[in-house]
Amino acid sequence: MLRTYRHWTTKEDFQLISLRKSGKKYKEIATILNRTSISVEKRYRKIKKEEIYAF
């Protein structure tokens, strides 16, 4: 299986933030965004750490 990196869009970032705030787990969010749960978790942590968006 060929894996290629897909960049995160601003829309996906906001969806991720919103879904986490609503209590969704990484696995659930991954299904919604068509990404792996690891990718979702890493992105969320990066957003929080770098304060890319105001929470």
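Under the side-chain contact (heavy atoms from CB on, under 4.5 Å) criterion, Lys42 pairs with Ile38, not counting sequence neighbours. Residues satisfying the side chain to side chain donor-acceptor pair (under 3.5 Å) test with Arg35, not counting sequence neighbours, are Glu12.
Rounding to the nearest 0.5 angstrom, the gap separating the CD1 atom in Ile29 from the OG atom in Ser39 is 11.5 Å. Distance check, rounded to the nearest 0.5 Å: CZ of Arg43 to CD1 of Ile17 gives 9.0 Å. Here NZ of Lys46 is found 8.5 Å from NZ of Lys49. Values are rounded to the nearest 0.5 Å.
Counting all heavy atoms, side chain and backbone alike, Arg20 lies closest to Lys24 at NH1-O, 3.1 Å. Between Ala30 and Ser37, the shortest heavy-atom contact is CB-N, 3.5 Å. Between Arg6 and Leu33, the closest heavy-atom pair is NH2-O, 3.6 Å.
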- Task: Could you please spell out the steps behind the side chain to side chain contact (heavy atoms under 4.5 Å, CB included) verdict for Glu28 and Leu19?
- Result: CA-CA 9 Å; Glu28 296 171 296; Leu19 290 166; over 6 Å; no
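Residues Phe14 and Ile47 form no side-chain contact, since every pair of their non-hydrogen atoms from C-beta on lies 4.5 Å or further apart.
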